[in-house]
Amino acid sequence: MEISSSIIHVILTGGVGSRLWPLSRKSQPKQYLEIFEGKSLFEMTVERNSHLANKVMVVGNVDNHHLSSKVMDKTQTEFLNIVEATPRNTAAAIAFAAFASHPDDVLIVTPSDHIIDKMEEYNKAIHEAILKANEGYIVTFGIIPTKPETGYGYIESNGDKVISFREKPNETTAKNFIARGNFLWNSGMFCFKAGVLLDELKQFQPDVYEKAKIVWESGKNGVLDLDLSLEIPSISIDYAVMERSKKIKVVPASFSWSDLGSFESVYDYLVSKGHAVDKNGNMVIGTDKYTAFLGLKNTIFVCTDTANLLLQKENSQDVKDLYGELEKANSHLLN
């Protein structure tokens, strides 16, 4: 009997968003914060892909899957819930989704915490990726860059061919990438047939493949075992497959994209949506209380019930270090 293959939207919900503390906490990571016109990034991700796929899988973990379920209920979306006992990076997370699928199913894998605009361009890129996936390629989405961003990895490309993957660059290197004109931002979005991805993973990272398979097969209703999960090497899909496989293609895409990985990118997004800033570019997030800035420029004031943060917009990447210090001190303020 022939099994008809599906197009499956796989949503990865790991990640705490440490660079968005104190808004983003372990109990309420950034993808669940309803600060984007009354919706969360997760909800927007579900809606964005609802017409492109006929099934949805959510790969989450024990700490956040109840938050995901709330969003799925709110959007009335049926989904397969895969609950990791402990985070093992993206190679394992994606392998679980592939094991849960028929080998001919086409998976569109997206993080749950990205902002995307220009939907016509987005849909075009997805359709192009599905065509290439059906030809047996593993497709990654490269965003045509708008500035020399140091917070993203890059893909060096020639048409749809990937020449190399590059780590997050320093400013000089990023400017060089932009000047050369054939470098794309690495979006962390993928499209492939489940069977093709698993074959490549088995070839290049057999330990991840075998151990993830054992974990998947011993799971109950998508809930995975902790002790067995700890055996899986924690490796990203980029390192495990993308940087090694000969079956990789890139779709250069011109939809507008941000991983909202820092307060600077949140600031830019909120400004584009009409969020108030004063004449010196200062912004308040999280409170309606009257707040005045004197002698300050491009300052962001982030207000929550238990912690406030005042930062210079240009210092947004340093929030991660502050988060690290609080983690060392075992601070309750991270929860």
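- Both tests do not hold together for Arg166 against Tyr152: distance to the six-membered ring centre under 6.0 Å, angle to the ring axis within 45°.
- Shown here is Tyr239, whose OH atom has no more than 12 heavy atoms of other residues, nucleotides or ligands within 6.0 Å.
- A donor-acceptor contact closer than 3.5 angstrom is absent between the side chains of Ser265 and Asp268.
- The cationic group of Lys247 does not satisfy the cation-pi geometry with Tyr137, failing either the under 6.0 Å distance to the six-membered ring centre or the 45° limit from the ring axis.
- Looking at Arg244 and Gln203, their side chains never bring a donor and an acceptor atom within 3.5 Å of each other.
- A single hydrophobic cluster is not seen to contain both Trp257 and Ile144; linkage of ILVMFWY side chains at heavy-atom distances under 4.5 Å, directly or through other members, places them apart.
- Under a 3.5 Å cut-off, the side chain of Gln312 and the backbone N or O of Lys297 do form a donor-acceptor pair.
- In this structure, Lys175 pairs ionically with Glu171, as a charged nitrogen and a carboxylate oxygen lie closer than 4.0 Å.
- A donor-acceptor pair under 3.5 Å links the side-chain atoms of Asn182 to the main chain of Ser157, judged by distance alone.
- Residue Asn335 qualifies as enclosed at atom CG: its count of foreign heavy atoms under 6.0 Å is above 12.
- Contact check for Phe190 versus Ile94: side-chain heavy atoms found under the 4.5 Å cut-off.
- In this structure, Tyr209 has its ring center closer than 6.0 angstrom to the ring center of Phe99.
- Using a 4.5 Å heavy-atom threshold, the side chains of Tyr154 and Pro169 count as touching.
- Side-chain N or O atoms of Asn89 include none that pairs as donor or acceptor with a backbone N or O of Ala91 at under 3.5 Å.
- Under 3.5 Å, the side chains of His9 and Thr110 contain a donor-acceptor pair of N or O atoms.
- Ion pairing between a basic and an acidic side chain is recognised when a charged N comes within 4.0 Å of a carboxylate O; Lys124 and Glu128 show no such pairing.
- Asp238 contributes no side-chain N or O that, together with a main-chain N or O of Met242, makes up a donor-acceptor pair within less than 3.5 Å.
- A salt bridge does not link Lys55 with Glu78: every distance from a Lys NZ or Arg NE/NH1/NH2 to an Asp or Glu carboxylate oxygen is 4.0 Å or more.
- When all heavy atoms of Val162 and Phe165 are compared, the closest pair comes out as CG1-CE1, 3.6 Å.
- With hydrophobic clusters built from ILVMFWY side chains whose heavy atoms lie under 4.5 angstrom apart, Leu184 shares a cluster with Val109.
- No hydrogens or angles considered: nothing links the side chains of Ser40 and Glu34 as a donor-acceptor pair under 3.5 Å.
- Counting heavy atoms from C-beta outward, Val58 and His65 have side chains that stay 4.5 Å or more apart.
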Practice item. Applying salt bridge (charged side-chain N to carboxylate O under 4.0 Å, His left out), run through Glu135 and Lys249 and close with a yes or a no. Key: CA-CA 11 Å; Glu135 290 169 13; Lys249 293 281 187 193; over 6 Å; no

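- Using modelled atom types and a 3.5 Å distance limit, the side chains of Asn221 and Asn81 yield no donor-acceptor pair.
- Atom CG of Asp73 has more than 12 heavy atoms from other residues, nucleotides or ligands within 6.0 Å.
- A donor-acceptor pair under 3.5 Å is formed between the side chain of Asp278 and the backbone N or O of Gly281.
- One hydrophobic cluster, built from ILVMFWY side chains closer than 4.5 Å, holds both Ile235 and Val215.
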Point to revise | Derivation and outcome, side chain to side chain contact (heavy atoms under 4.5 Å, CB included), residues Glu327 and Leu334 | key: CA-CA 7 Å; Glu327 204 160 30; Leu334 300 184; 3.9 Å; yes

Exercise for review: List the steps, then state whether side chain to side chain contact (heavy atoms under 4.5 Å, CB included) holds for Phe192 with Val139.
Suggested key: CA-CA 6 Å; Phe192 48 75; Val139 184; over 6 Å; no

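- At distances below 3.5 Å, not a single donor-acceptor pair connects side-chain atoms of Trp21 with backbone N or O atoms of Leu309.
- The environment of Asp288 atom CG is sparse: at most 12 non-hydrogen atoms of other residues, nucleotides or ligands sit within 6.0 angstrom.
- Side-chain contact annotation: Glu121 with Ser254, donor-acceptor N/O pair under 3.5 Å present.
- Side chains of Leu270 and Met283 form a contact here, defined as non-hydrogen atoms less than 4.5 Å apart.
- Counting heavy atoms from C-beta on, the side chains of Phe183 and Ile163 never come closer than 4.5 Å.
- Dense packing is recorded around NZ of Lys74, with more than 12 heavy atoms of other residues, nucleotides or ligands lying under 6.0 Å away.
- Salt bridge status for Glu156 with Arg180: present, with a side-chain N to carboxylate O gap under 4.0 Å.
- Contact detail for Met72 and Val56: the closest heavy-atom pair is CE-CG1, 3.7 Å.
- The residues Lys132 and Asp160 are annotated as salt-bridged, a charged nitrogen and a carboxylate oxygen being separated by less than 4.0 angstrom.
- In this structure, Leu311 and Ser316 have side chains that are in contact, with non-hydrogen atoms separated by less than 4.5 Å.
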**Study point:** Worked verdict on Ile8 versus Val106 for side chain to side chain contact (heavy atoms under 4.5 Å, CB included)
**Key:** CA-CA 6 Å; Ile8 301 173; Val106 171; over 6 Å; no

Practice item. Mind running salt bridge (charged side-chain N to carboxylate O under 4.0 Å, His left out) on Arg88 and Glu84 for me, showing each step along the way? Key: CA-CA 8 Å; Arg88 299 317 280 159; Glu84 294 184 291; over 6 Å; no

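- In terms of hydrophobic clustering, with Ile, Leu, Val, Met, Phe, Trp and Tyr side chains grouped at heavy-atom distances under 4.5 Å, Ile108 and Leu80 are assigned to different clusters.
- Follow the hydrophobic side-chain contacts under 4.5 Å out from Leu201 and you reach Leu12 in the same cluster.
- Of all heavy-atom pairs spanning Ser229 and Ala85, the tightest one is OG-CB, 4.2 Å.
- The closest side-chain donor-acceptor pair between Arg25 and Thr306 falls under 3.5 angstrom.
- Here the side chain of Ser24 pairs no donor or acceptor atom with the backbone of Leu20 at under 3.5 angstrom.
- Asp113 and Tyr32 form no side-chain donor-acceptor contact under 3.5 Å, judged by distance and modelled atom types alone.
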